[in-house]
Amino acid sequence: MLDIELIRREPERVREALRLRQDDPALVDEVLALDERRRTLLRRVEALRAERNRVSREIGRMKDKAAREEKIAAMREVGKQIADLEKALREVEAAFRDKLLWLPNIPHESTPVGADERDNVVVRAWGERRDFAAEGFEPAPHWDLGPELDILDFERGVKLAGSRFYILKGAGARLQRALIFWMLDRHTREHGYTEIYPPFVVHKEMLVGAGQLPKFADNLYHDVEEDLWLLPTAEVALTNLHRDEILDESMLPLSYVAYTPCFRREKMSAGRDVRGIKRGHQFDKVEMYKFTRPEESYEALETMVGHAEALLQALKLPYRIVAICTGDLGFASAKTYDIELWAPGQGEWLEVSSLSNVESFQARRANIRYRPSGGGKPRYVHTLNGSGLALPRLMIAIMENYQQADGSILVPEVLQPWMGGIEVIRR
RNA sequence: GGAGGGAUGGCCGAGCGGACGAAGGCGACGGUCUUGAAAACCGUUGUGGCCGAAAGGUCACCGAGGGUUCGAAUCCCUCUCCCUCCGCCA
């Protein structure tokens, strides 16, 4: 959510932000019009309430019966007016808040300007892509390797839950578990994160707080009976950990990491990436999350990118870091880096991590503030989120990059302690 | 799922229709005193909105949402959460 004062003060800046995102800037003017109506009504209601409060206090002290009745009758009228205005105000306020929730974040000045993903900028790359031609064989895609090795079963996944569901089996399931354990260990022991195990379902308000609702309702699963919503990412739970709290500045920065499954309906991606495990309705992810002071959030973003990179370097997987341009930027984000891995089998770059500084966008929605050490008014924190890392795509990259000519897959060295002695996955 | 009890400021806790944004205590902060500290004493100590250049004014918030009333922390209704007992269950 954006600061309404900023929108009032610099509407053109907000309109420009929407244009940069390829969104319609008219939303800004709708918000401003509602804000104006809201304040007009507020002033009128409050003036009447002030009068009622004043006269009611008088009535309490009055002895003269007739004069008293007269005042009560007058206030009864005022009460009716107040009730009418309050109803109008409630409606305008609801509309105002709703509109405000549809406004995306303002891109940071360092976010590259561009229309769509073609304008994203590769900021650096690490590692050498393996030369399969020199080794004399064609790398196979994971959707062939997995079933061949009996570690991946698409048919039975579909049988249980429909398309876009799959089963990991044997060494495949174990490899994913090894990755989760190993990543959590690195983040908690070396990168200073506190591990969190959250509920996998949350109240609707948590999704509003994190920015998924109202705009992305299509992509979420929810339980109608209890109105509980399945996490599309652990970010939703982590954002709301400190909802409605005023933190001490000395507590900041707070760094959390959580492993959770993530659930997405993928309605909007129907027909895209249907092969393999790249885009499922359910996937696992280890998520990093930080609450920082505003002054240090951009530094924290770079640090967090480093934490994700450290994992890929340890896994010896070649990757590149991409700065997402304004036209491709996520709704809540001011600045985002994606980390992409090369998948030689299916021949494409895979996004295994998306790391964003959303500044105070989520903090405003979820009301997360901190008290400056020197005293003074509470201020909104900045929050950052980043995958560290997403499992299916990491699995794809490992399977396809570590495959051998005979169809077996080597287990990356750092994972071997977690694999119970398995060094090579073979039939 | 059934029966009963509860939810008040950073914490504890009073208030149960009229000057209550809320007694009292604790904690925290500032001051007096002291070589320093403690004790004692004095003072300060919530959040948000609206109007205003500011000073200040005003509104709202006593779990949440409705309602009754001239007036609600206090009365009524609905919901949520917590506690105790019973039932059921990984």
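Numbers restart at 1 for each chain; the letters A, B, ... are given by sequence-line order, proteins then strands.
Atom name C1', nucleotides B:C51 and B:C62: the rounded distance is 27 Å, in whole Å. Rounded to whole Å, the P atom of B:G6 lies 14 Å from the corresponding atom of B:G13. Separating the C1' atom of B:U74 from that of B:C16 is a span of 4 Å, rounded to the nearest Å. Across B:C75 and B:G18, the matching C1' atoms stand 14 Å from one another, rounded to whole Å. When the C1' atom is compared between B:G66 and B:C82, the two are found 23 Å apart, to the nearest whole Å. Comparing the same atom, C1', in B:A73 and in B:C20 gives a spacing of 8 Å after rounding to whole Å. Taking atom P in both B:C26 and B:A38, the straight-line distance is 16 Å, to the nearest Å. Taking the P atoms as reference points, B:A22 lies 14 Å from B:G10, given to the whole Å.
Both A:R371 and A:H203 lie close to RNA chain B; mapped to their nearest nucleotides by heavy-atom distance, the more 5′-ward contact belongs to A:R371. Mapping A:R57 and A:P378 onto RNA chain B by nearest heavy atom places A:R57 at the nucleotide closer to the 5' end.
Comparing B:C59, B:G48, B:G46 by their nearest atom to the side chain of A:N53 picks out B:C59. Side-chain proximity of A:R369 to B:C51, B:G48, B:A60: nearest is B:G48. For A:R43, counting side-chain heavy atoms from C-beta on, the closest listed nucleotide (B:C70, B:C51, B:U58) is B:C51. Distance from the side chain of A:R52 is smallest to B:G71 among B:G71, B:U47, B:U58. Comparing B:C51, B:C59, B:G48 by their nearest atom to the side chain of A:A50 picks out B:C59. The nucleotide whose nearest atom lies closest to any side-chain atom of A:I72 is, among B:G49, B:G48, B:C70, B:C70. With B:C59, B:G49, B:G71 as the choices, the nucleotide that has an atom nearest any side-chain atom of A:S56 turns out to be B:G71.
The residue A:R54 sits apart from the nucleic acid: no heavy atom pair falls under 4.0 Å. Within 4.0 Å (heavy atoms only), A:L42 reaches sugar-phosphate atoms of the nucleic acid but no base atom. Residue contacts shown for A:R8 are limited to sugar-phosphate atoms, with no base heavy atom under 4.0 Å away.
Ring planes of A:W229 and A:H222: parallel class, angle under 30° (limits at 30 and 60°).
The CG-P distance, from A:L48 to B:C50, rounds to 19 Å in whole Å. A:E46 places its CD atom 16 Å from the P atom of B:G48, with the value rounded to the nearest Å. Atom CD of A:E86 and atom P of B:C61 are 10 Å apart (whole Å). The interatomic distance linking A:R38 (CZ) with B:G49 (C1') rounds to 7 Å, in whole Å. Across the protein-nucleic acid pair, A:R49 atom CZ and B:G71 atom C1' stand 14 Å apart, rounded to whole Å. Look at CG on A:L89: it is 15 Å from P on B:G49, rounded to the nearest Å. The separation between A:N367 atom CG and B:G46 atom P is 18 Å, rounded to whole Å. Between the CD atom of A:E69 and the P atom of B:U69 there is a distance of 14 Å, rounded to whole Å.
The nucleotide B:C85 finds its pairing partner in B:G2, both defining distances of the Watson-Crick or G-U wobble pair being shorter than 3.5 Å. Pair check for B:U69 finds none; no Watson-Crick or G-U wobble contact set falls under 3.5 Å. When Watson-Crick and G-U wobble pairs are counted only if both distances are under 3.5 Å, B:C61 pairs with B:G46. Under the Watson-Crick or G-U wobble criterion, with both distances below 3.5 Å, B:A23 is left unpaired in every strand shown. Shown here, B:C33 forms no base pair; nothing in the strands shown gives a Watson-Crick or G-U wobble contact with both key distances under 3.5 Å.
Close to B:C51, at under 4.0 Å from its OP1 or OP2, lies a side-chain N or O of A:R39. Contact check, A:K377 against B:G46: no side-chain N or O comes under 4.0 Å of OP1 or OP2.
Comment: A:R54 engages A:E58 in a salt bridge, judged by a side-chain N to carboxylate O separation of less than 4.0 angstrom.
Here the rule is side-chain contact (heavy atoms from CB on, under 4.5 Å) with A:L231, and of A:L207, A:V236, A:V201 only A:V236 fits it. For the pairing with A:E93, the salt bridge (charged side-chain N to carboxylate O under 4.0 Å, His left out) check across A:R37, A:R38, A:K87 returns one residue only, A:R38.
Within a 6.0 Å radius of CZ in A:R19, other residues, nucleotides and ligands contribute more than 12 heavy atoms. Counting heavy-atom neighbours within 6.0 Å of A:E413 CD, excluding the residue itself, gives a total of 12 or less. In the displayed structure, A:R44 atom CZ is contacted under 6.0 Å by at most 12 heavy atoms of other residues, nucleotides or ligands. The 12-atom threshold is not exceeded at NZ of A:K71, counting heavy atoms of other residues, nucleotides or ligands nearer than 6.0 Å.
Residue side chain A:R90 does not reach the base of B:G65 through any donor-acceptor N/O pair under 3.5 Å, judged by distance alone.
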